[in-house]
Amino acid sequence: MSDFSAFPITRKWPPQNPELLQLYSFPTPNGVKVSIALEEMEIPYEAHLVTLADADVKSAEFLSLNPNNKIPAIIDPHGPEGTPIGLFESGAILLYLADKSGKLIGGSATERARITQWLMFQMGGLGPMLGQLGFFYKFAGSEWEDKRPQERYVAEAKRLLAVLDLELAGKDWIAGSYSIADIAIAPWLRALDFYGAKEILGWDEHKNLVGYLERFVDRPAVQNGLITPPRA
């Protein structure tokens, strides 16, 4: 029996099977990265719904695992030294799971480096910029009289889509073979539907991206991961 006594989060979200990896998440673009990876890597896990409400993400229990109060986070009862480990930050979790499973990280140091660079592209560029686009195009920022912030993030989103579309010419996946880089990137492209921003970004003109996202969503593991944990 794994000892989770060092993880106060388990008092608010108690594990049903403490031998399984514990996922604390919500089906946002960042959240589904981890559930999709777990499904693709066939790592047994238990999912706990952590809503974006302050009562969850700012609770003392959740902050004990992620002081940055963002989903997703995990506890692996079978960590690298044989003891439980808790992790936050979706990119760090993807790298950890890829190393743990030996899957979706490439078969050589060169492939790993290329996959990691595109993972970092998503973490440092695509995710934050599309998140800002959503705020200024769909949410509260869309009501601001000053449209310069909205224009800035629309322009940057267009630039990033162009980078990806060019890179995907003649390829099915961003780093050659399917990898954690695709698991990081594609959910953020899918979020453009939620933001209602595809038309303003000229999405249909990016033929490589259109096919890329369709291939991604068609994967059975992706379909399962996109609805895990299910919204209340």
Side-chain angles (χ1 to χ4, degrees), residues 1-105 112 115-116 119-120 122-124 127-128 131 179-188 219-232:
M1 180 72 69
S2 297
D3 181 8
F4 283 170
S5 60
F7 298 95
I9 191 170
T10 59
R11 295 198 289 265
K12 187 174 177 68
W13 292 277
Q16 297 300 306
N17 185 344
E19 294 305 306
L20 298 182
L21 185 145
Q22 304 292 307
L23 169 65
Y24 306 90
S25 190
F26 191 80
T28 65
N30 280 336
V32 298
K33 291 179 196 175
V34 178
S35 52
I36 290 170
L38 289 165
E39 293 284 339
E40 292 279 16
M41 297 172 187
E42 299 181 307
I43 298 174
Y45 69 102
E46 184 177 325
H48 304 272
L49 182 68
V50 179
T51 73
L52 306 184
D54 286 356
D56 277 356
V57 293
K58 291 187 178 179
S59 66
E61 292 86 355
F62 189 76
L63 291 172
S64 71
L65 183 56
N66 184 0
N68 195 37
N69 67 273
K70 304 292 183 183
I71 59 90
I74 66 167
I75 300 174
D76 183 2
H78 307 291
E81 281 76 45
T83 57
I85 182 174
L87 291 172
F88 63 92
E89 281 296 328
S90 58
I93 296 171
L94 288 179
L95 286 169
Y96 173 80
L97 295 177
D99 287 338
K100 179 181 178 71
S101 67
K103 298 178 181 179
L104 306 184
I105 193 61
R112 180 188 176 92
I115 290 166
T116 303
L119 173 62
M120 295 303 114
Q122 185 280 308
M123 295 297 297
S179 71
I180 57 171
D182 302 295
I183 292 173
I185 289 169
W188 277 101
R219 297 178 67 89
V222 170
Q223 294 172 20
N224 289 336
L226 287 172
I227 57 173
T228 305
R231 294 171 183 257

Ion pair check, E39 and R219, cut-off under 4.0 Å: no

Got K33 and Q122 here, is their nearest side-chain heavy-atom distance under 4.5 Å? yes

Exercise: identify the closest heavy-atom pair between L95 and M120: CD1-CE, 4.5 Å

Could you give the distance from CG (L97) to CG (L23), rounded to the nearest 0.5 Å? 9.0 Å

For residues 61-74, tabulate all N or O donor-acceptor pairs below 3.5 Å that involve a side-chain atom, not counting sequence neighbours.
from : atom 1 : to  : atom 2 : distance (Å)
S64  : OG     : E61 : O      : 2.4
N66  : OD1    : N68 : N      : 2.8
N66  : ND2    : K70 : O      : 2.6

Which pair of heavy atoms, one from S59 and one from D56, lies closest together, and at what distance? OG-O, 2.7 Å

Not counting sequence neighbours, which residues clear side-chain hydrogen bond (donor to acceptor under 3.5 Å, both in side chains) with D99? List them please. R112

Heavy-atom pair with the smallest gap, counting every atom of G131 and W188: N-CZ3, 3.8 Å

Considering residues at least two apart in sequence or located in another chain, which fulfil the side-chain hydrogen bond (donor to acceptor under 3.5 Å, both in side chains) criterion with S101? none

Can you name the closest pair of heavy atoms from P15 and H48 and give their distance? CA-CE1, 4.1 Å

Hey, what do you get for CG (D3) to OG1 (T10), rounding to the nearest 0.5 Å? 9.0 Å

Report the residue from I9, L87, L21 that forms a side chain to side chain contact (heavy atoms under 4.5 Å, CB included) with I75. I9

E46 side chain near P18 side chain, heavy-atom distance below 4.5 Å: no

Distance-only check: which donor-acceptor pairs under 3.5 Å involve side-chain atoms of residues 78-86, not counting sequence neighbours?
from : atom 1 : to  : atom 2 : distance (Å)
H78  : NE2    : E19 : O      : 3.2
H78  : NE2    : E19 : OE1    : 3.3

Hydrogens and angles aside, do T28 and N30 bring a side-chain donor and acceptor to less than 3.5 Å of each other? no

Between V32 and G225, which heavy-atom pair has the shortest distance, and what is it? CG1-O, 3.8 Å

The side-chain hydrogen bond (donor to acceptor under 3.5 Å, both in side chains) partners of W13 (sequence neighbours excluded) come to none

Can you tell me how far apart CD1 (I36) and OG1 (T228) are? Round to the nearest 0.5 Å. 9.0 Å

Give, for atom CG of D76 and atom CG of L20, the distance between the pair rounded to the nearest 0.5 Å. 10.0 Å

Run the numbers on Q22 and F4 for side-chain contact (heavy atoms from CB on, under 4.5 Å), then give the verdict. CA-CA 11 Å; Q22 304 292 307; F4 283 170; 3.8 Å; yes

For A37 versus L94, what's the shortest heavy-atom pair and its separation? CB-CD2, 3.5 Å

CD1 (I93) and CZ (F88) are apart, to the nearest 0.5 Å, by 9.0 Å

K12: side-chain hydrogen bond (donor to acceptor under 3.5 Å, both in side chains) partners, not counting sequence neighbours: none

Using atom types as modelled and distance alone, determine if a side-chain donor or acceptor of N224 lies under 3.5 Å from a backbone N or O of A221. no

Residues V57, Y24; criterion side-chain contact (heavy atoms from CB on, under 4.5 Å); working and verdict: CA-CA 10 Å; V57 293; Y24 306 90; over 6 Å; no

